[in-house]
Participant: 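The structure is given below, and queries will be raised subsequently.
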Protein chains: 2
Amino acid sequence: MFATAIMATMTEVLERQVLEVLAEPSRRRILDLLLERDHAVGELVDALAMRQPSVSKHLKVLRSAGLVTVRPEAQRRVYCLRAAPLQELDEWLTPYRRAWAGRLDALERHLDALDALDALDQPDPLDLDPSQEDPT
Amino acid sequence: MFATAIMATMTEVLERQVLEVLAEPSRRRILDLLLERDHAVGELVDALAMRQPSVSKHLKVLRSAGLVTVRPEAQRRVYCLRAAPLQELDEWLTPYRRAWAGRLDALERHLDALDALDALDQPDPLDLDPSQEDPT
DNA sequence: CGCGAACATTCCTGTCAAGGAATATACGAA
DNA sequence: TTCGTATATTCCTTGACAGGAATGTTCGCG
């Protein structure tokens, strides 16, 4: 029982949050491919133009996060998307949906105020337009 | 015009994808706090129990990603949530929503098949339950 | 003008993760 | 049984990033 609790804690530590797993572009590309249809590892290697061990390691991370399942077909391993864990990301976004839907007018007013400030030729170095490079 | 194109490319390179920005838990906590209301930097420092330069650096990353805006109030800087860039994450999730809604039965059947395999006392080391630690 | 407060930036260090190369393991075919 | 194929794992290197400490910059107040 005690050992079980320890193992559970270790699992939590070793597992990465879904967002951290998705932060790596290669893994998102893998998920996008699996969204179309199941893929064997070799197919993913070809589609991603990556080396086989790299793909294999990303798949291991995705398995650990529960985002894919795998079934053996002779010596091939066929990977399948398991989208359920993405729901936690969807849930995290829920209050932000309200933020971008409900506060759009407030944001527009804020940005308009900034524009007015710019029109007065007052530089505002701290409030950067997202398309503008940070001048560091 | 040519210089503009170069600058745009540099911007793309320097900017991080929204997902990469969100992969760091401290930045998500900042956004969660700003979802409640605007905060000055010092308030974020207190709420997060982090050192001020660390918070400041995260805010810089969030500004670069366009996820926050800032307005000066004397020597204080008040940060405001700007949720719009999260829409690209929401858009990325759209086809996956269909995947977890529409394919639930297919996944259930898949998992049931795995359970049946387990019942035959055939270990399946590659298809891990998400709550189960990877035995590496 | 000097000082304190608030915050941004710089320098440095340590940790972690991605990818390459080599290697190990499992399966099917001959 | 051997061999080729497919894939997982291990070891190593490198670079990116988070956070601490120090420092710089800006503003308001007296």
Side-chain angles (χ1 to χ4, degrees), chain A residues 13-17 19-30 34 38-65 68-80 122-128 133-136, chain B residues 13-17 19-30 34 38-65 68-80 122-128 133-136:
Chain A
V13 168
L14 292 173
E15 255 182 41
R16 290 200 244 169
Q17 296 271 353
L19 267 166
E20 292 166 36
V21 170
L22 295 176
E24 167 55 44
S26 302
R27 289 197 285 272
R28 292 204 298 279
R29 288 167 65 198
I30 292 177
L34 295 182
D38 296 351
H39 279 68
V41 180
E43 297 178 305
L44 294 172
V45 169
D46 293 340
L48 298 167
M50 284 176 68
R51 294 181 187 274
Q52 181 271 319
S54 296
V55 174
S56 202
K57 280 180 273 188
H58 283 309
L59 287 168
K60 178 175 182 176
V61 173
L62 290 169
R63 282 201 319 270
S64 297
V68 298
T69 56
V70 59
R71 67 177 186 274
E73 284 185 0
Q75 66 267 44
R76 291 162 82 233
R77 300 280 177 269
V78 178
Y79 279 81
C80 173
Q122 293 179 22
D124 192 342
L126 287 170
D127 202 335
L128 300 171
E133 180 188 358
D134 194 329
T136 308
Chain B
V13 167
L14 291 173
E15 256 183 38
R16 288 200 244 168
Q17 296 271 353
L19 266 167
E20 292 165 36
V21 170
L22 296 175
E24 166 54 43
S26 302
R27 289 196 284 271
R28 291 203 299 278
R29 288 168 66 198
I30 291 175
L34 295 181
D38 295 353
H39 280 67
V41 178
E43 297 177 305
L44 294 172
V45 169
D46 293 339
L48 297 167
M50 284 176 66
R51 295 180 186 275
Q52 181 270 317
S54 295
V55 173
S56 201
K57 279 180 275 188
H58 282 310
L59 286 168
K60 179 176 183 177
V61 174
L62 290 169
R63 283 201 317 270
S64 296
V68 300
T69 56
V70 58
R71 64 175 187 275
E73 286 186 1
Q75 66 267 44
R76 291 163 83 235
R77 300 279 178 269
V78 177
Y79 279 81
C80 173
Q122 292 181 22
D124 192 343
L126 287 170
D127 201 336
L128 300 172
E133 179 189 1
D134 195 325
T136 308

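In this text the structure is predicted, and so the values were computed from the model without any measurement. What you see below is based on every heavy atom in this structure, not just the backbone, and it leaves out hydrogens, waters and symmetry mates. Letters A, B, ... are given to chains in the order of the sequence lines, protein chains preceding strands, and every chain is numbered from 1.
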Participant: Quick one: is B:Arg51 getting a side-chain N or O under 4.0 Å of the D:dG20 phosphate, OP1 or OP2?
Facilitator: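 Checking D:dG20 against B:Arg51, a side-chain N or O does come within under 4.0 Å of OP1 or OP2.
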Participant: Using whole Å, what does the distance between atom C1' of nucleotide C:dT9 and atom CG of B:Leu59 come to?
Facilitator: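 Roughly 13 Å, once rounded to whole Å.
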Participant: Just to confirm, is there a sub-4.0 Å distance from OP1 or OP2 of C:dA18 to any side-chain nitrogen or oxygen of A:Ser26?
Facilitator: no
Participant: Measure the distance from CG on B:Leu48 to P on D:dG19 and round it to the nearest whole Å.
Facilitator: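 The distance from CG of B:Leu48 to P of D:dG19 comes to 10 Å, rounded to the nearest Å.
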Participant: Calculate the interatomic distance between A:Leu22 atom CG and C:dA17 atom P; express it in whole Å.
Facilitator: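 Going from A:Leu22 (CG) to C:dA17 (P), I get 15 Å.
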Participant: Considering heavy-atom distances to DNA chain C, does B:Gln75 or B:Pro53 have its closest nucleotide positioned more toward the 5' end?
Facilitator: B:Gln75
Participant: Taking C-beta and beyond as the side chain, do B:Leu59 and B:Leu44 meet within less than 4.5 Å on heavy atoms?
Facilitator: yes
Participant: Checking contacts here: which listed nucleotide (D:dT7, D:dG20, C:dC7) is nearest the side-chain heavy atoms of A:Arg77?
Facilitator: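 Comparing D:dT7, D:dG20, C:dC7 against the side chain of A:Arg77, the answer is D:dT7.
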Participant: Given that A:Glu73 and A:Ser54 both sit by DNA chain C, which one's nearest nucleotide is further toward the 5' end?
Facilitator: A:Ser54
Participant: Would you kindly give the CE-to-C1' distance between B:Met50 and C:dA6, to the nearest whole Å?
Facilitator: 17 Å
Participant: State whether A:His58 places a side-chain N or O below 4.0 Å from either non-bridging phosphate oxygen (OP1 or OP2) of C:dG19.
Facilitator: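 For A:His58, the contact criterion (side-chain N or O under 4.0 Å from OP1 or OP2 of C:dG19) is met.
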Participant: Can you see if the side chain of A:Tyr79 gets near the phosphate of D:dA8 - specifically, an N or O under 4.0 Å from OP1 or OP2?
Facilitator: yes
Participant: Quick check on C:dA6: is either OP1 or OP2 less than 4.0 Å from any side-chain nitrogen or oxygen of B:Arg76?
Facilitator: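 The answer is no; no side-chain N or O of B:Arg76 sits under 4.0 Å from OP1 or OP2.
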Participant: Over how many whole Å does the gap from A:Arg71 atom CZ to D:dA8 atom P extend?
Facilitator: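 Those two atoms, CZ and P, are 14 Å apart.
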Participant: For the pair made of CG in B:Asp46 and C1' in C:dA6, what is the distance, rounded to whole Å?
Facilitator: 12 Å
Participant: Given D:dA8, is OP1 or OP2 found less than 4.0 Å from the side-chain N or O atoms of A:Ser56?
Facilitator: yes
Participant: With A:Glu73 as reference, evaluate A:Gln75, A:Arg71, A:Arg77 under the side-chain hydrogen bond (donor to acceptor under 3.5 Å, both in side chains) test and give the passing residue.
Facilitator: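 Of the listed residues A:Gln75, A:Arg71, A:Arg77, the side-chain hydrogen bond (donor to acceptor under 3.5 Å, both in side chains) partner of A:Glu73 is A:Arg71.
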Participant: Take the protein atom NZ of B:Lys57 and the nucleotide atom C1' of C:dT13, then report the distance between them rounded to whole Å.
Facilitator: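 One finds 11 Å between C1' of C:dT13 and NZ of B:Lys57, rounded.
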Participant: Minimum heavy-atom separation for B:Arg27 and B:Glu20, please, with both atom names.
Facilitator: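 Smallest interatomic distance, heavy atoms only, reads NH2-O, 3.7 Å.
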Participant: Measure the shortest side-chain to side-chain distance between A:His58 and A:Leu48 over non-hydrogen atoms and say whether it is less than 4.5 angstrom.
Facilitator: no
Participant: Taking donor-acceptor contacts at under 3.5 Å, does the side chain of B:Gln52 reach the base of C:dA8?
Facilitator: yes
Participant: Could you check whether any side-chain N or O of B:Glu24 sits under 3.5 Å from a backbone N or O of B:Ser26, counting only pairs where one atom can act as donor and the other as acceptor?
Facilitator: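 Yes; judged by distance alone, with no hydrogens or angles, the pair exists.
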Participant: Taking the side chain of B:Lys60 as heavy atoms from C-beta outward, which of C:dA18, D:dT9, C:dT9 is closest to it?
Facilitator: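 So the nucleotide nearest the side chain must be C:dT9.
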Participant: Can you tell me the distance, in whole Å, between the CD atom of B:Glu20 and the P atom of C:dA17?
Facilitator: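 About 15 Å, once rounded to whole Å.
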